[in-house]
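These notes concern the structure reproduced below.
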Amino acid sequence: MGNNKDVSFEKALARLEELVSKLEEGNLPLEESLELFAEGIELTKKCSRHLEEAEKQINILLEGGDGKPVLREEDM
Amino acid sequence: MPFITVRELTLRIKELLESDFLLGNLWVKGEISNYKKAASGHIYFTLKDSYSCVRVVMFRSRARNLQFGLENGLSVRVNGYVTVFERDGQYQLYAERIEPDGEGALYAALEKLKQKLAAEGLFDQASKKKPPSFPGCIGLVTSPTGAVIRDMINILRRRWPAVRIILAPAAVQGETAPEEVARGIRLLNQMPGVDLIIAGRGGGSLEELWAFNTEIVVRSIAASTIPVISAVGHETDFTLSDLAADLRAPTPSAAAELAVPDRVEIKRMIDMHRVRMTRCIQQKKAVYRQRLEQCAKNRVLARPLETICDQRRMVLDQLERQLGKVVQGSVKESAGKIALLAGRLDTLSPLATLARGYSLAFGPDGKVLREARQIKTGDSVTVRLHRGVLKCEVREINKTNDS
C-alpha cells in the first residue's frame with residue numbers, strides 16, 4: 001500500500017508554494033528564476049495529474065483467524 | 001411424614017424457580033451495593049431498593065461486555081435469570097446485561113469514567129496528532145450498512161477521488177458494539193499505509209451512542225498511532241470518544257469533509273500558483289528585455305562599424321602609409337647605390353676603353369695579342385673596335401721593345 005505518492009503530492013505542493021514565493025520576491029538572477037519556473041511548471045503538471053486519478057476500490061478489513069487483519073475487495 | 005434432605009429441598013426449590021417463565025428472563029431495577037469484582041473476573045453485588053435486596057452475580061464472560069463502570073450507589077437495570085446457588089441455598093440473580101437506569105445514572109457513569117480516563121491523560125491536548133492534509137488511505141470504523149457509510153464514501157470520493165478507503169465494519173450499537181469498534185481501530189493500526197481513521201455513527205439516543213462512551217473504545221482511540229477523527233451522532237452529541245480523538249467532527253459527513261481536501265479547490269490553487277509564477281517570470285523577462293534594449297541603444301552596439309571598424313581602419317590606413325613611405329625610401333636609396341656602383345663598374349670595363357679609341361687585336365687562336373712576336377706576316381688578325389670588328393691580314397711586323 002505505502003502511500004508515498006500522497007506524501008510526494010504534499011511535498012510537491014509545498015515545494016510549489018516555496019517556488020512561487022521565491023519567484024515573487026523577485027531578487028533572483030534571471031537564469032535561476034527560469035530554472036525555478038521550469039521546476040514549478042513540472043510540479044503543477046505532476047500535481048494536476050494526481051488530481052485526475054480515478055476512484056479506487058473500497059476494501060473491507062476483517063479479522064483473520066489469527067487475529068491479524070485481512071483485506072477483502074468490495075464494490076460499494 | 002418422611003424427611004427429605006437439605007439437598008433435596010434445595011433442588012426442589014431450584015426446579016420450582018427455574019420452571020417459572022418470568023424468572024427465566026427478567027429485568028430488575030435497583031441500586032448497587034456491596035460491589036465486588038473477584039480476581040476471576042466475576043462480579044458480585046447486592047441489588048436493593050428501599051424494601052428489599054437480592055444478590056447478583058455476573059460471570060466474567062458477560063462482565064467483559066459491560067459498557068460502563070459499576071459502583072456502589074449506581075442505579076441500574078439488570079437483565080438475567082433467577083436460580084438457586086445450591087451450596088448456599090440462596091437464590092441469586094444471574095446477570096446477563098446491566099445498563100445504567102435512566103439518564104441520570106447514565107450521566108453519572110459517564111462522568112465517573114471521564115474523570116478516570118482524564119486522570120490517565122487520555123484526553124490530553126498535547127498528545128493530539130495532526131491529521132494529514134492529503135491522506136492517501138483512510139480507514140472507516142462504522143456500520144457497513146445504512147446512509148452514514150454511503151454518505152461518507154460519496155463525500156470522500158467526490159472531494160478526493162484518489163483516496164483509498166478501507167472499511168472496518170463494526171456494529172455501532174448493542175452489546176457487541178464497543179468490542180467491534182475497538183477491534184476495527186486496532187486492526188486498522190496493524191494495516192500498513194493507513195493515514196487516517198474516522199470512527200463514528202449517525203445520530204441516536206444517549207444509549208444508542210453509548211459504545212462511543214465505553215472505556216474499551218476510548219482507550220483504543222487514545223492508543224491509535226494513526227490520527228483518529230471521531231464522528232458520532234449530531235452536532236450536539238458529545239462522547240468520550242470525541243475527547244480522546246485527535247479531531248472531533250460534528251457529524252460523519254463533516255468528518256469526511258474534514259478528512260480530505262476538495263480536489264476542485266486544490267486544482268484552483270495549483271492553477272493560481274501557475275498564474276503567479278508565469279506573471280513573475282514575464283515581469284522578470286520584461287525587466288531584462290528593457291535592460292537589453294537600453295544596451296542596444298548604446299552607440300557601440302547601434303553603430304558597431306563606426307565605433308569598432310572605422311577607428312581601426314584609420315589606424316590601419318596610417319600604418320599603411322607609413323609602410324609605403326618606408327618602402328619607397330628604401331627603394332630610392334637602393335637605386336642610388338646601384339647607380340653609383342654601375343658608374344664604378346663602367347670605369348673598369350674594357351668596353352669603356354674602346355670607346356676612347358683603343359682597340360683589341362686577337363690572333364688566329366682567338367687570344368689577345370700583346371706582343372708582335374705572337375704573330376707572323378700573313379696571319380689573320382681580328383681587331384675589336386668600340387663598335388664593330390675588323391678582319392685584317394698582317395703585312396709587316398716591326399718588333400719594338402715598347403712596353
Think B:R291 forms a cation-pi with B:Y288, using NZ or CZ under 6.0 Å from the six-ring centre and within 45 degrees of its axis? yes
Please classify the contact between B:I281 and chain A as side chain, backbone, both or neither, with a heavy-atom cut-off of under 4.5 Å. side chain
Just checking B:E179: does its CD atom have more than 12 heavy atoms from other residues, nucleotides or ligands closer to it than 6.0 angstrom? no
B:K129 atom NZ, neighbour heavy-atom count above 12 within 6.0 Å: yes
When the 4.5 angstrom heavy-atom criterion is applied to A:L62 and chain B, the contacting part is both
Chain A contact via B:L140 - side chain, backbone, both or neither, heavy atoms under 4.5 Å: neither
Can you classify the ring geometry of A:F9 versus B:W160 as parallel (below 30°), tilted (30 to 60°) or perpendicular (above 60°)? perpendicular
Per-residue tally against chain A (heavy atom, under 4.5 Å) across B:K285, B:K284, B:Q190 peaks at B:K284
Using 30° and 60° as the class limits, which term best fits the ring planes of B:H42 and B:F59: parallel, tilted or perpendicular? perpendicular
Is B:V287 in contact with chain A via its backbone, its side chain, both, or neither, using a 4.5 Å heavy-atom distance? neither
